[in-house]
Number of protein chains: 2
Amino acid sequence: MATYELEHPAIEDITLTDVLFALSDPARLEIVREVAAGPLDMAACGATNPGLPKSTKSHLMKVLREAGIVRNVPNGRGRLVSLRKDELDVRFPGLLDSVLGS
Amino acid sequence: MATYELEHPAIEDITLTDVLFALSDPARLEIVREVAAGPLDMAACGATNPGLPKSTKSHLMKVLREAGIVRNVPNGRGRLVSLRKDELDVRFPGLLDSVLGS
DNA sequence: GCCATGGTTCGATAATACTTGAACAGTTGT
DNA sequence: ACAACTGTTCAAGTATTATCGAACCATGGC
């Protein structure tokens with residue numbers, strides 16, 4: 001069947017509280033930090049959490065994606081994860097930089 | 001008995017994830033916005049939530065206080081709530097401004 | 001001292017969120 | 001087509017958090 005894309009919220013539907021909640025978990029925040037440097041294969045990120053079950057990692061990623069923080073697109077056999085930085089910087093100016101800088 | 005002060009975390013014990021979590025709830029974020037303008041009697045804040053039971057409000061305030069976002073000191077018969085802005089600005093530069101500005 | 005006022009704490013219940021194995025779905029390579 | 005590989009979804013169990021009445025505590029005024 002066709003490559004299946006996951007749902008991503010439109011930039012205007014992203015809420016501040018959902019973003020803050022998604023970032024309030026250490027494991028998720030760590031993923032965001034890793035991805036902040038540039039897009040990463042899903043298999044590659046989460047290096048700090050080696051034994052993490054894949055279903056758990058998938059769920060963490062889902063929360064980040066549904067909050068509008070991360071974009072997750074099919075890439076070959078796996079998926080490429082990237083930070084929606086430009087969009088977030090417009091929607092919540094300075095937020096990402098202050099969080100990642102702390 | 002003596003005036004009872006509540007526990008407040010030292011600035012260096014405040015964690016980013018706890019702060020983000022405390023701010024990720026709409027009702028708590030609203031309280032922070034109200035207090036951002038200046039210290040407020042506890043009875044005065046929460047104007048947007050008229051029917052809120054006092055035990056619930058007390059709990060919301062506790063989460064904000066334990067996260068290190070708010071200071072809560074006895075004031076006459078009631079309590080005065082204030083934002084720990086100066087401290088937070090040192091610990092997490094730009095964070096509060098970007099959250100409150102969004 | 002006594003009462004009214006303003007908040008905290010406790011306890012029980014409801015609602016959310018997290019974790020994980022197992023089953024399933026797409027893609028690549030042979 | 002088949003097998004290997006990645007990741008998603010489902011479902012069930014666990015854990016954390018929210019809610020709110022009732023009881024309690026401290027203060028101020030009388």
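Quick note on labels: first sequence line is chain A, next is B, and so on, each numbered from 1.
For the atom pair B/S58 OG and B/L6 CG, the distance stands at 8.0 Å (nearest 0.5 Å).
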Just the table, please: protein N/O against nucleotides 20-23 of chain C N/O, every pair under 3.5 Å.
unit_1 : atom_1 : unit_2 : atom_2 : d
C/dT20 : OP2    : A/T56  : OG1    : 3.3
C/dG21 : N7     : A/S55  : OG     : 3.1
C/dG21 : O6     : A/S55  : OG     : 3.4

Each nucleotide N or O in nucleotides 28-30 of chain C that has a protein N or O under 3.5 Å away: list the pair and distance.
none

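One interatomic measurement links the two molecules: CG of A/L64 to C1' of D/dT8, which rounds to 16 Å at whole-angstrom precision. When rounded to the nearest whole Å, the span between NZ of B/K62 and C1' of D/dA18 equals 13 Å. Following rounding to the nearest Å, A/R71 (CZ) and D/dG7 (P) show an atom-to-atom distance of 19 Å. Rounded to an integer number of Å, the gap from CG of A/L23 to P of C/dA17 is 15 Å. The nearest whole Å value for the distance from the CG atom in A/L6 to the C1' atom in D/dT6 is 12 Å. A/E7 places its CD atom 15 Å from the C1' atom of D/dT9, with the value rounded to the nearest Å. Rounded to whole Å, atom C1' of C/dT9 lies 13 Å from atom CE of B/M42. A straight line from CG of B/D25 to P of D/dT16 spans 19 Å, rounded to a whole angstrom.
In this structure, the salt bridge (Lys or Arg N to Asp or Glu O under 4.0 Å) partners of A/D89, at least two apart in sequence or on a different chain, are A/K85.
In this structure, the side chain of B/R91 engages the main chain of B/I11 through a donor-acceptor pair within 3.5 Å. Side-chain atoms of A/R65 do not come within 3.5 Å of backbone N or O of A/N72 as any donor-acceptor pair. With hydrogens and angles disregarded, no donor-acceptor distance shorter than 3.5 Å links the side chain of B/K57 to the backbone of B/N49. Put simply, the side chain of A/E7 never gets that close to the backbone of A/E66: no donor and acceptor are under 3.5 Å apart. Side-chain atoms of A/R79 never come within 3.5 Å of backbone atoms of A/M42 as a donor-acceptor pair (strictly under, hydrogens ignored).
Axis angle, first five pairs versus last five pairs of the helix from C/dG1-D/dC30 to C/dT30-D/dA1: 30°, rounded to 10°.
Here the shortest heavy-atom pairing between B/I69 and B/L83 reads O-CD1, 3.4 Å.
Here A/V73 is tied into one hydrophobic group with A/L80, each link being a pair of ILVMFWY side chains closer than 4.5 Å.
Taking 4.0 angstrom as the limit, B/R79 places a side-chain polar atom (N or O) nearer than this to OP1 or OP2 of C/dT8. For C/dG7, neither phosphate oxygen OP1 nor OP2 lies less than 4.0 angstrom from any side-chain nitrogen or oxygen of B/N72.
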Run the numbers on B/L40 and B/I31 for side chain to side chain contact (heavy atoms under 4.5 Å, CB included), then give the verdict. CA-CA 10 Å; B/L40 224 55; B/I31 290 174; over 6 Å; no
Would you please test A/L88 and A/L95 for side chain to side chain contact (heavy atoms under 4.5 Å, CB included) and show each step? CA-CA 8 Å; A/L88 286 169; A/L95 180 61; over 6 Å; no
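Residue-level contact check: A/M61 touches neither bases nor backbone, having no heavy atom under 4.0 Å from any strand.
Considering only side-chain atoms of B/F21, the nucleotide from D/dA18, C/dA17, D/dT8 that sits closest is D/dA18.
Legend: side chain to side chain donor-acceptor pair (under 3.5 Å) pairs involving residues 15-26 of chain B, not counting sequence neighbours, sorted by first then second residue: B/T15-B/D18.
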